[in-house]
Amino acid sequence: QVQLVESGGGLVQAGGSLRLSCAASGRTFSGYTMAWFRQAPGKEREFVAAISGSAGSTFYGDSVKGRFTLSRDNAKNTGYLQMNSLKPEDTALYYCAHNADSGVYYSPTGYRYWGQGTQVTVSS
């Protein structure tokens, strides 16, 4: 059974930084895509970033391009989302997601496995 555990969320002032981690267990996730989504109260789950398992290519949502960086350490089965220049509108519950193939999907329906989420709150 695949399990994903996010960590690193917290409260930060606007302009600050946080690094989220997603630790996977139950399978070796090298070769498979890992993604991050976020969901603010009353809003739909939004694509943030993804890193493909095959070539390690990265993809970002328009709202985070240039500010967030996604990386992975396959030896540790862990992915990292470095978030810089945070804004109050980045406040949300951030989820790590993983699927059973190497495709990159911008919709949450493309991912089978999900973590419980980690809260990020950015104060103005």
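In what follows, every heavy atom counts, from backbone to side chain, and hydrogens, waters and symmetry copies are set aside.
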Open item on the list: Using side-chain contact (heavy atoms from CB on, under 4.5 Å), reason through Gln119 and Thr91 one step at a time and then give a plain yes or no.
Closed with: CA-CA 8 Å; Gln119 178 68 38; Thr91 295; 4.0 Å; yes
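Side-chain contact check for Lys76 versus Ser21: every heavy-atom pair is 4.5 Å or farther apart. Annotation: side chain of Thr69 is not in contact with side chain of Tyr80 (no heavy-atom distance under 4.5 Å). In this structure the side chain of Met83 reaches within 4.5 angstrom of the side chain of Leu20, judged on heavy atoms. Taking 4.5 Å as the limit, every side-chain heavy atom of Leu4 sits out of range of all side-chain heavy atoms of Met34. A 4.5 Å side-chain heavy-atom check between Glu6 and Tyr94 finds every atom pair outside the cut-off.
Judged by distance alone, with hydrogens and angles left aside, the side-chain atoms of Ser57 form no donor-acceptor pair with the main-chain N or O of Ser52 at under 3.5 Å. Side-chain N or O atoms of His98 include one that pairs as donor or acceptor with a backbone N or O of Thr33 at under 3.5 Å.
Here the closest non-hydrogen pair linking Val120 and Gly9 is CG2-CA, 4.2 Å. When all heavy atoms of Ser85 and Arg67 are compared, the closest pair comes out as O-NH1, 2.9 Å. The two residues Ala50 and Tyr111 have their closest heavy-atom pair at CB-OH, 4.2 Å. Closest approach of Ala40 and Ala92 over heavy atoms only: N-CB, 3.9 Å. Contact between Tyr95 and Gly115 at its shortest, heavy atoms only, is CD2-O, 3.6 Å.
The closest side-chain donor-acceptor pair between Ser63 and Glu46 falls under 3.5 angstrom.
If you chain together hydrophobic residues whose side chains sit under 4.5 Å apart, Leu81 and Val122 fall into the same group. The hydrophobic clustering, which links ILVMFWY residues whose side-chain heavy atoms are closer than 4.5 Å, places Val12 and Trp36 together. By the criterion of side-chain heavy atoms lying less than 4.5 angstrom apart, applied directly or through intervening Ile, Leu, Val, Met, Phe, Trp or Tyr residues, Val2 is not grouped with Tyr105; the two fall into different hydrophobic clusters. Hydrophobic cluster membership differs between Val48 and Leu93, with clusters built from Ile, Leu, Val, Met, Phe, Trp and Tyr side chains linked at under 4.5 angstrom.
Ionic pairing of Lys65 and Asp62 is present here: one or more N-O contacts between side-chain nitrogen and carboxylate oxygen are shorter than 4.0 angstrom.
In this structure, Gln116 places its CD atom where only 12 or fewer heavy-atom neighbours from other residues, nucleotides or ligands lie under 6.0 Å away.
Contacts of Phe47 classified as ring-ring contact (aromatic ring centres under 6.0 Å, His included), with partners at least two apart in sequence or in another chain: Phe37, Tyr106.
Atom CD of Gln3 and atom SG of Cys96 lie 12.5 Å apart (nearest 0.5 Å).
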